[in-house]
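For reference, positions follow the sequence shown, starting with 1.
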Amino acid sequence: MHTVYNDLIRFSSYVSPINLSFNQYLLLTDEPVLIHTGSTDIAKNLIQPLKEALGERTLAYIFVSHFAKLLDLSPKTATVLRDGVETEIPAEDVRVGDTVIVRPGQSIPVDGVITEGHSAVDESALTGESLPVDKAPGDKVMSATVNRSGYFRFEATRVGEDTTLSQIIELVQDANSTKAPIAKLADRISGVFVPIVISIAVVATVVWLLLGYPVSFALSIGIAVLVISCPCALGLATPTAIMVGTGKSAELGILVKSAESLEIAHSVNTVVLDKTGTVTEGKPQVTDIITAQGVQMEMLLQRAASLEQRSEHPLAQAIVAHAADQALPLMEVTGFETIPGRGIQGVVNGEKLFAGNLALLSDLGLKAGTYSDQADDLARQGKTPLYFSDGQTLLGIIALADTVKPTSKQAIDAMRGLGIEVVMLTGDNARTAEAIRAEMGIDTVIAEVLPQDKEAEIRRLQESGKKVAMIGDGVNDAPALARADVGIAIGAGTDIAIESADIVLMKSDLQDAVTAIELSRAVIRNIKQNLFWAFFYNSAGIPLAAGVFFAALGWKLNPMFAAAAMSLSSVFVVTNALRLKLFKPKHVPQRLESQCGVACRLDDITDIKEEMKMQKTMTIEGMTCGHCSARVEKALNTIDGVSAVVDLEKKTATVSLNNEISDETLKAAVQDAGYEVVAIQ
């Protein structure tokens, strides 16, 4: 197979009908051709000339890079059990009924049903569920999700184009192909205005000739009419405002991909929000610690973190990170063991400890007792309570949740203040979603939805006559982002979400979505002012140029002055558009407040800046599973004054420094653990 991989503009010139050498090359081989391009629409346009060049031979693939990152989510190989032997095969060769084996840290290649084993599966890429979902025999698993802990086997039920990931790709492609560009108001006005003006100029010239005036006089009248009514200002009205508006948005950290999206945003009356990573932080954090009588909070947290440090579960990592924030040293763990579907156990400092859910507590013959009501209340708030015990008594409860971003409430209130209905769509469970809705004051919430359900809900809102903006950050949001009138992606989100969106919030702050809508309204208001001025000014000058006042007052407009007057109209339009550079959002983002949780005093600003300087982000290659991330995290945390948290998905380590430590020291620690540091920021 021949592969052609080029920049799209250069590549399109290769397949141009006039480029005979390339066509002749294609005809010399019988092998199919694999083509990489960067745009769905242009790729379709490339197919026909290629088919003409190839004759009867059809193309093997048209591979569009817009979906490459989606396809990259699914592993390229799968381990299947055939004839009792484990065999690694290409993922596309998996057949329905095959037994597929998945180990900790691996992605699931196809859809299926678990037949053996237990695990916690991270489904956030597809469903938006912020926490891993415990899986047992009989439970379904989906392609492109990640096995976080245990070993399991499953029977493949949907493969190839039938998998969940393939359906998402198809949804994104369909949604992109059906979004129509907005029509230009200036074009419509010019389409009517120009023929009328030409007709007036011709009629005026003829009339003055019929009245007996010389040809030079009549022609000067006709020329003056054409010159003063030249729709230059009409042509400048929209693009200048759009240009200044997009430039201003860039200054504010808002990337607008097209003029159409900036224009459409002003008419948005419904905003649909994803929850995980958009309204919330996207990762669990410790929210509450309830201790049993006689147990100190620091002691419970230290024991819990020491036990959890051996676990790869995100809840465990959140507890360990919280202990690190409290500067609590961790103790050695022996006899660590995972209890499928229940929790974990191990010996910490000579004491047997258990951590897990209420079912684990029941297995130990213990009851939550007086703490039951508190645990139920935490669960109603959308939090996950973890119980800790020494096997004889309950030591305490640590609750975790995907916490709300500090600026989300202000942004949602601002949207409602603009008369916009706010809807939250999430794949997370209904109880957690309802807790967020109540806290944020969101109008409507729809929970436990799959990607196709999100896209269908956007379509339903549009069919009811609403202009919809979708704000999201995940793979599961991509179809909805593409379907919405305006798709807005969080800058820290996935690549496919950013590619599917029309607007990207580079600061990953929901408040910037409000700013984008306000800026769009200001731009449209400016365009309407420009169009009114250009149309009114030109229309008012036509009677004077046509000589209507010549007989009565002797007023006649010289074509040179008509040209100057026409230029003045263009200058006014451009100057008015430049006023957008002075735009300031009505709802000023309070990012500084969000960093300290309360209104910061001016003398705190220096401290905040210093804190920000003491954090570094390391990009690390070579990490493939939870064990890898644990080794890197341990290697960094052994350095005195370093607290590190590793994100396996993003291949990064966030390092907090209590004192000055060189990049070389950090890099050496990671390299000694067997991994490569690509960048340190």
Side-chain angles (χ1 to χ4, degrees), residues 181-198 200-201 220 222-268 418 486 502-504 506 512 514-546 555 557-586 588:
I182 187 173
K184 297 291 188 226
L185 180 59
D187 292 343
R188 296 201 300 269
I189 294 175
S190 298
V192 176
F193 183 71
V194 171
I196 291 176
V197 167
I198 293 175
I200 292 174
S220 68
I223 293 171
V225 171
L226 290 174
V227 170
I228 199 169
S229 60
C230 179
C232 292
L234 280 175
L236 290 170
T238 299
T240 51
I242 291 292
M243 180 182 66
V244 178
T246 52
K248 185 63 181 179
S249 69
E251 290 180 17
L252 297 170
I254 303 168
L255 176 61
V256 179
K257 293 186 179 181
S258 67
E260 286 81 9
S261 58
L262 187 62
E263 290 184 51
I264 296 172
H266 88 282
S267 59
V268 166
L418 293 174
V486 180
D502 304 299
I503 297 174
V504 181
M506 302 306 294
D512 285 339
V514 182
T515 301
I517 294 173
E518 289 183 351
L519 178 59
S520 174
R521 292 183 178 183
V523 168
I524 296 302
R525 188 165 53 248
N526 191 280
I527 290 174
K528 289 179 178 178
Q529 292 169 355
N530 288 345
L531 291 174
F532 172 79
W533 169 259
F535 185 74
F536 171 78
Y537 185 90
N538 289 352
S539 299
I542 288 174
L544 177 62
W555 292 354
L557 189 62
N558 188 295
M560 290 187 295
F561 289 104
M566 180 272 294
S567 301
L568 180 63
S569 176
S570 299
V571 170
F572 177 88
V573 165
V574 173
T575 304
N576 188 50
L578 289 173
R579 290 193 307 112
L580 287 170
K581 294 180 71 68
L582 304 176
F583 167 83
K584 290 183 179 179
K586 294 178 182 177
V588 180

Min side-chain heavy-atom separation Asn526-Asn576 under 4.5 Å: yes
Pairing residues for Thr575 by the side-chain contact (heavy atoms from CB on, under 4.5 Å) criterion, not counting sequence neighbours: Val571
Please report the closest heavy-atom contact between Arg521 and His266, naming both atoms and the distance. NE-O, 3.5 Å
Non-neighbouring partners of Phe583 that pass ring-ring contact (aromatic ring centres under 6.0 Å, His included), sequence neighbours left out: none
Might you point out which heavy atoms bring Glu263 and Ser520 nearest each other, and give the distance in Å? O-OG, 3.8 Å
dist Ile264:CD1 -> Ile517:CD1 (nearest 0.5 Å) comes out at 12.5 Å
Taking every heavy atom of Leu418 against every heavy atom of Val514, the minimum-distance pair comes out as CD1-CG1, 3.8 Å
Under the side-chain contact (heavy atoms from CB on, under 4.5 Å) test, which residues partner Lys584, sequence neighbours left out? none
Distance check, rounded to the nearest 0.5 Å: Ile254 atom CD1 versus Lys248 atom NZ? 10.5 Å
side-chain hydrogen bond (donor to acceptor under 3.5 Å, both in side chains) partners for Arg525, two or more places apart: none
Taking side-chain contact (heavy atoms from CB on, under 4.5 Å) as the test, write out the residues that go with Val523, two or more places apart. Ala241, Ile242, Leu262, Leu519, Ile527, Leu580
Excluding sequence neighbours, so at least two apart, what forms side-chain hydrogen bond (donor to acceptor under 3.5 Å, both in side chains) with Ser261? Ser258
